[in-house]
Amino acid sequence: MPELPEVEVIRRGLLPLVTGQAITSIFCSSKKLRLPIPKQDLLRWIQSQEIIEINRRGKYLIFIFSNDAVMLVHLGMSGKLGIFSQSAPTALHDHLIFKLHNDMQLRFNDPRRFGLIRVFPPGQFSHLDPFKDMGCEPLEHQFSGEYLKRKAGSRLQPIKNFLMDNRMVAGIGNIYANEILFHCGLHPSTPIGSITRPIWQLVAMKTKDVLLRAIECGGSSISDFVNSSGQKGYFQLELTVYGRAGEHCPRCTATIIKQVIGGRSTFFCPNCQK
DNA sequence: CTAACTCCCTGATAGC
DNA sequence: TGCTATCAGGGAGTTA
């Protein structure tokens with residue numbers, strides 16, 4: 001389940017392999033992802049164009065092409081992007097394949113089809129800004145305790161739901177919300193309206209720490225991008241609480257608890273997180 | 001206005 | 001061994 005760090009690692013892994021490459025042909029499956037794959041727009045605007053850069057906003061990858069067309073890719077729950085040789089056999093659930101000028105292929109594989117591919121014709125991207133409601137990038141300067149406090153207001157919402165709300169903070173999913181709150185010593189149900197300025201500053205700092213550390217972990221396995229099994233190991237980060245119900249807290253002797261908060265599995269140490 | 005729920009989808013796993 | 005039930009969850013949409 002790629003969240004901001006995984007998406008960033010994928011971006012960095014792909015960059016040196018695809019920038020400057022023209023798309024010589026495109027294969028699309030007819031299966032619907034979150035939305036149908038825009039086959040006609042891909043053929044019309046992306047085919048034969050060169051990849052100029054790849055950016056990221058939250059969990060979205062933003063491919064910029066030489067004609068100024070833009071393709072957004074969201075990996076959903078199970079989406080993967082990888083570079084393969086032409087001779088590598090295609091896999092079940094390969095939904096989009098770009099054949100590149102250097103005879104390699106960029107493949108998008110997504111078993112659960114929660115992913116999303118969108119194409120913006122040249123000049124249309126900023127016009128229809130799909131990120132207008134998205135919150136701050138947590139690794140950018142303006143993401144701060146002040147920002148969080150302002151967004152939170154006096155509402156009763158549990159902080160975990162708040163951190164996972166992409167209108168508040170971009171790119172944080174269930175796993176990193178759990179990890180961040182552990183490192184803050186905050187109970188996931190803490191009402192955001194009750195959180196003080198210094199604690200918001202702690203949240204901002206720990207959010208940056210956890211995400212940056214995860215990106216660094218992923219960076220060490222970037223070489224796995226070119227192989228027939230796609231990228232693996234971009235999940236090398238040692239998770240402190242997520243998925244560890246019943247195990248001992250690494251900081252004290254208490255047992256980590258699993259509880260559903262906001263419809264999602266939530267893991268925390270009942271002793272360290274108050 | 002917020003908050004809580006539903007749906008989309010397949011693969012891994014638990015239970016029988 | 002082989003079946004079925006359950007769970008995983010991002011984001012959009014709907015309901016309360």
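Protein chains get the first letters and strands the later ones, always in sequence-line order, with residue 1 at the start of each.
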Pairs of donor and acceptor atoms involving the side chains of residues 85-95 of chain A, under 3.5 Å and at least two apart or interchain, shall be tabulated with distances.
{"from": "A:Ser85", "atom 1": "OG", "to": "A:Ser87", "atom 2": "OG", "distance (Å)": "3.1"}
{"from": "A:Ser85", "atom 1": "OG", "to": "A:Ala88", "atom 2": "N", "distance (Å)": "3.4"}
{"from": "A:Gln86", "atom 1": "OE1", "to": "A:Lys99", "atom 2": "NZ", "distance (Å)": "3.4"}
{"from": "A:Asp94", "atom 1": "OD1", "to": "A:Asn109", "atom 2": "ND2", "distance (Å)": "2.8"}
{"from": "A:Asp94", "atom 1": "OD2", "to": "A:Ala91", "atom 2": "N", "distance (Å)": "2.8"}
{"from": "A:His95", "atom 1": "ND1", "to": "A:Ser29", "atom 2": "OG", "distance (Å)": "3.1"}
{"from": "A:His95", "atom 1": "NE2", "to": "A:His93", "atom 2": "O", "distance (Å)": "3.4"}
{"from": "A:His95", "atom 1": "NE2", "to": "A:Asp110", "atom 2": "O", "distance (Å)": "2.9"}

[X] [atom1] to [N] [atom2]: how many Å, rounded?
| X | N | atom1 | atom2 | result |
| --- | --- | --- | --- | --- |
| A:Arg34 | C:dG10 | CZ | P | 12 Å |
| A:Asn166 | C:dG10 | CG | P | 9 Å |
| A:Ile37 | B:dC8 | CD1 | C1' | 15 Å |
| A:Leu35 | C:dA12 | CG | C1' | 9 Å |
| A:Arg112 | B:dC7 | CZ | P | 16 Å |
| A:Met168 | C:dG10 | CE | C1' | 16 Å |
| A:Arg113 | C:dA12 | CZ | C1' | 17 Å |
| A:Ile261 | C:dA8 | CD1 | P | 13 Å |

| request: Examine B:dC9: is either OP1 or OP2 under 4.0 Å from a nitrogen or oxygen in the side chain of A:Ser78? Give yes or no. | output: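 Negative; the distance criterion is not met.
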| query | Reckon A:His93 has a side-chain N or O less than 4.0 Å from the OP1 or OP2 of B:dC9? | reply |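 Checking B:dC9 against A:His93, no side-chain N or O comes under 4.0 Å of OP1 or OP2.
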| query | Looking across every strand, which nucleic acid part, if any, lies under 4.0 Å from A:Lys59 by heavy atom: base, sugar-phosphate, or nothing? | reply |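 Answer is sugar-phosphate: A:Lys59 comes under 4.0 Å of backbone atoms only.
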| said: Using a 5.5 Å cut-off between ring centres and planes within 30 degrees, is A:Phe114 stacked on the base of C:dG10? | reply: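 Stacking is present between C:dG10 and A:Phe114, given that their ring centres fall under 5.5 Å apart and the planes under 30°.
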| query | Less than 4.0 Å between a side-chain N and a carboxylate O, is that true for A:Arg12 and A:Glu8? | reply |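 A:Arg12 and A:Glu8: salt-bridged.
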| Using 4.0 Å as the upper bound for N to carboxylate O, is an ion pair formed by A:Lys59 and A:Glu3? |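 Not counted as a salt bridge, because no side-chain N and carboxylate O are separated by less than 4.0 Å.
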| Cut-off 3.5 Å, side chains only: do A:Thr266 and A:Lys160 have a donor facing an acceptor? |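 The answer is yes; a qualifying pair exists.
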| Any side-chain donor near an acceptor of the partner, A:Glu6 and A:Tyr176, under 3.5 Å |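 Judged by distance alone, the side chains do pair up.
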Mind listing the N/O atom pairs, protein and nucleotides 3-6 of chain B, below 3.5 Å?
{"from": "B:dA3", "atom 1": "OP1", "to": "A:Gln157", "atom 2": "N", "distance (Å)": "3.2"}
{"from": "B:dA3", "atom 1": "OP2", "to": "A:Arg155", "atom 2": "NH1", "distance (Å)": "3.1"}

| Within 6.0 Å of CZ in A:Arg44, more than 12 heavy atoms from elsewhere |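 Result for CZ/A:Arg44: open.
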| query | Quick check, are the ring centers of A:Tyr60 and A:Phe131 under 6.0 angstrom apart? | reply |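 Yes: the rings meet the under 6.0 Å criterion.
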| task | Measure across A:Cys184 and A:Val203 and return the closest heavy-atom pair with its distance rounded to 0.1 Å. | result |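 That would be SG-CA, 3.7 Å.
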| A:Met134 or A:Lys258: which one's nearest nucleotide on DNA chain C is closer to the 5' end? |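 Its nucleotide being nearer the 5' end, the pick is A:Lys258.
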| Helix axis bend for the helix from B:dT2-C:dA16 to B:dC16-C:dG2 - C1'-based end axes, five pairs, 10° rounding |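 End axes: 50° apart.
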| message | Nearest to the A:His74 side chain among C:dA8, B:dT10, C:dG10, which nucleotide is it? | response |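 Closest nucleotide to the A:His74 side chain: C:dG10.
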| field | Side chain of A:Pro111 (C-beta onward), nearest among C:dG10, B:dG11, C:dG11 | value |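 Closest of the options to the side chain of A:Pro111: B:dG11.
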| query | Taking atom CD of A:Gln124 and atom CH2 of A:Trp45, what is their separation to the nearest 0.5 Å? | reply |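 Between atom CD of A:Gln124 and atom CH2 of A:Trp45 there are 8.0 Å.
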| query | Once the angle between the rings of A:Tyr147 and A:Phe143 is folded into 0 to 90°, is it parallel (under 30°), tilted (30 to 60°) or perpendicular (over 60°)? | reply |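 A:Tyr147 vs A:Phe143 ring planes: tilted.
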